[in-house]
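Got a structure for you, questions after.
On a predicted model such as this, the values are computed, not experimentally measured, just so you know. Below, all heavy atoms of this structure are taken into account, side chains as well, without hydrogens, waters or symmetry copies. In the text below, chain A, chain B and the rest are named by the order of the sequence lines, each starting its count at 1.
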There are 4 protein chains.
Amino acid sequence: MILGAAVRVFARQGFHTCRVSDIADEAGVAYGLVYHYFPSKEAILDTLFLERWDVMLTAIADADAASAPPREKLRAVASFILDSYRHDPELMKVIIVEVTRAANTFGRTHLGKIREAYGGIARIVKRAQEDGQFRGDVDASFAAQAFYGLVEQVLTTWIFEDAPVSPTEIERVKAEVVQMICGGLEASASAPAPSTPATSHLLE
Amino acid sequence: MILGAAVRVFARQGFHTCRVSDIADEAGVAYGLVYHYFPSKEAILDTLFLERWDVMLTAIADADAASAPPREKLRAVASFILDSYRHDPELMKVIIVEVTRAANTFGRTHLGKIREAYGGIARIVKRAQEDGQFRGDVDASFAAQAFYGLVEQVLTTWIFEDAPVSPTEIERVKAEVVQMICGGLEASASAPAPSTPATSHLLE
Amino acid sequence: MILGAAVRVFARQGFHTCRVSDIADEAGVAYGLVYHYFPSKEAILDTLFLERWDVMLTAIADADAASAPPREKLRAVASFILDSYRHDPELMKVIIVEVTRAANTFGRTHLGKIREAYGGIARIVKRAQEDGQFRGDVDASFAAQAFYGLVEQVLTTWIFEDAPVSPTEIERVKAEVVQMICGGLEASASAPAPSTPATSHLLE
Amino acid sequence: MILGAAVRVFARQGFHTCRVSDIADEAGVAYGLVYHYFPSKEAILDTLFLERWDVMLTAIADADAASAPPREKLRAVASFILDSYRHDPELMKVIIVEVTRAANTFGRTHLGKIREAYGGIARIVKRAQEDGQFRGDVDASFAAQAFYGLVEQVLTTWIFEDAPVSPTEIERVKAEVVQMICGGLEASASAPAPSTPATSHLLE
DNA sequence: CATGAATGAGACTTCATTCAT
DNA sequence: TATGAATGAAGTCTCATTCAT
């Protein structure tokens, strides 16, 4: 399947460094066939991103809609993203490296979609602030950036390490992310709360 | 000056999308001259990155060496990076977009240098944990990722917005970053402490 | 019908600029079917041309065979060609633009057929010269070129204008063509003779 | 020289059938160099056409401006075009086959320029009609089409024959063209007038 | 130092044609 | 008949890099 091959090739070589024929080779087809299904190399990446990102937007919305403490909502989002990485690290690498951080190319193209994710997380924070569960003196958008930035930084580190990440580590990081964002670093800060395991992720 | 022109062009068009002649045009010289000073297009970006990154590594080391509470140390680092952005947003954009997040190309080349920065921040955290000022149940490397990830996320957002950032906003964000990382989001967490203004940044 | 679709597409986009799939789309069939009826894209144009051109050769021969004054014979030929344009301007456009003037491609392939037309017209002139009705000091082949060149120039102009031509204008041009070729431009030359309407054309 | 090579290649193979590398090979340079001077293959043909066509427009205007009988003016125009063919048949072939008759591609692009030529010839006719030297019952534009169509038909025939044309034949044709257009075919029509040799042509 | 003509590998993309269904 | 997935040769164009001047 061409999309699958594209994910592997984009992840391995990067969008700009790979050729369309690399994708075709990886898929075991003639490269003309790639153009039978996609109008251009860029369209392949667009398709990959949009398909998966929309699932994530839904996951964020679902997390927000749940009747759970904010810690749990954020945990659900982190869980979703990290599980997505666990199930298809190559796709997540492509999305992060080639899209969400590519300010001059695809990032600009998909800026609206990317901001939707930030906005969804910010909404979770805002609601928690209104309920008095999160302190009100932090800008909700800023908090969303902290949360998302941390998760993407973790993924970026794994991406650079290029080594498989164990389920155990994934679970530990989920807890750490939530605790970090909610409780902060300082000794006087709140202690971590027990967590519920997440049940869905980006690529089930 | 060719390096300055390269910064502007890389920032505006991206490394892969610009041509060597674009840099030469921006610098007002013939493109052959670029090869008088640099062996290749890649070498220009390498030079840009290495020159500036080393200054940052020094700034992190300096912050760690100071006898100040960890909050202040982290604030100094955040301050340095954010002031660097304020003084040369184009260079910071290039470094972030084209190097530190470019897992398949320059990011891999400069992985060692990039990790040094994480390590420096982690050292600050570790020391604070040993002193009992930061809780010990958080992995110091993880905390460093949270801190650095947040700062880079803020910069990435500004980069995408492509709008000038006011000194006031920069200062506000410095405080928010430290408070976010140290105090966390929850209502029971510690209140923000007063801050000291930073005195140096990446591009003085 | 595929030939009809091909005419429209060749006329609209040109032979080299259209794709076989454009023809299939226009015909409302899958493009594989085109190859069921024609061995190649070129063969479609060959077929279009040959089918129609042979009708014209017959028309020229018929005109010559008639017992009529040379003016009438030439008028019959002009009439045939111009009426052909009126009834299917797209087909005539394709024949002229893609074949009779395409010296490097189809024009060369069908050179023999094209010359037959010139020869037929020249024969009409020659006979008129032998009868003393046309002056003898003009090369018959040259006269045929003048005649045919004028008609094709008129059609080319209409083709470029891409506007429908009224029956009235067609009739006027028929008279003008004959008068121009037979009487010339000069004031002392012979006056136009009344004309008989033509009864057949290339595409009845 | 690249333009010269392009003329030869376009003439030999046709615009659509040749590759840019054929032009480069013919010119004895790397094909990248072609793109150093021209932005595209099309631009080469545009340049070829426009450079030469403007010379012809000037020649037509000059002929019209001269104080000579209309026969002489038309003879000057025919002379110019036919001499142009004699001096660079390949260029004239390219202009006629690939531009002035290419209704779907370059002909459309340069329609304005092409019509200027028709207009210039029509102006000569119109003036002669006003002077009473040409009969007034012929549309001047139509007469221009007859004249130009005849000349292009002669050139097209030579182009298809692909054989060198002798100076003698060229001269004979000049006289025949003028006589044909001015005197017509019929026996009662005016006799040919003696002609003056032309002194310039498209490619001196 | 400085120029820009020249090179040519390499990328994307097109599309006529084949063929299994 | 009819479809459209699949092929791959071929073509245009880009651009990093070299080098004579």
With a 4.5 Å cut-off on side-chain heavy atoms, are D:W53 and D:T100 touching? yes
Counting only non-hydrogen atoms, which of residues 4-21 of chain D are less than 4.0 Å from DNA chain F? D:C18, D:R19, D:V20
Flag the pair C:E90 and C:R8 as a salt bridge only when some basic side-chain nitrogen lies within less than 4.0 angstrom of an acidic carboxylate oxygen. no
Once salt bridge (Lys or Arg N to Asp or Glu O under 4.0 Å) is applied, what residue pairs with a partner in residues 91-105 of chain A remain, sequence neighbours excluded? A:R101-A:E152
Please evaluate residues D:N104 and C:Q13 with respect to the criterion side chain to side chain donor-acceptor pair (under 3.5 Å), reporting the C-alpha separation (whole Å), side-chain torsions for both, the decisive distance (0.1 Å), and the verdict. CA-CA 6 Å; D:N104 288 304; C:Q13 304 176 236; over 6 Å; no
Sub-3.5 Å donor-acceptor pair from the side chain of A:R108 to the main-chain atoms of B:F160, do we have one? yes
So the ring-ring contact (aromatic ring centres under 6.0 Å, His included) pairs with at least one residue in residues 19-39 of chain D (sequence neighbours excluded) are none
Would B:V34 and B:I44 count as a side chain to side chain contact (heavy atoms under 4.5 Å, CB included) if you check the C-alpha gap in whole Å, the side-chain angles of each, and the deciding distance to 0.1 Å? CA-CA 9 Å; B:V34 173; B:I44 301 174; 3.7 Å; yes
Heavy-atom contacts under 4.0 Å between residues 26-39 of chain C and DNA chain F, which residues? C:V29, C:A30, C:Y31, C:G32, C:L33, C:H36, C:Y37
Aromatic rings D:F15 and D:F10: how do their planes relate, parallel, tilted or perpendicular, breaks at 30° and 60°? tilted
First and last nucleotide of DNA chain E, 5' to 3', lying under 4.0 Å from heavy atoms of chain A: E:dA11 to E:dT14
Dot-bracket encoding per residue of DNA chain E, Watson-Crick/G-U cut-off under 3.5 Å, | denoting interstrand: .||||||||||||||||||||
Test side chain to side chain contact (heavy atoms under 4.5 Å, CB included) on D:I114 and D:F49; report intermediate values, then the result. CA-CA 10 Å; D:I114 295 170; D:F49 170 75; 4.1 Å; yes
Identify the heavy atoms of D:A11 and D:V94 that sit nearest to each other, and give their distance. N-CG2, 3.5 Å
Under the side chain to side chain contact (heavy atoms under 4.5 Å, CB included) criterion, do C:I95 and C:L91 qualify, and how do the steps go? CA-CA 6 Å; C:I95 286 176; C:L91 176 56; 4.0 Å; yes
Are C:D54 and C:K113 ion-paired here, with the side-chain N under 4.0 Å from a carboxylate O? yes
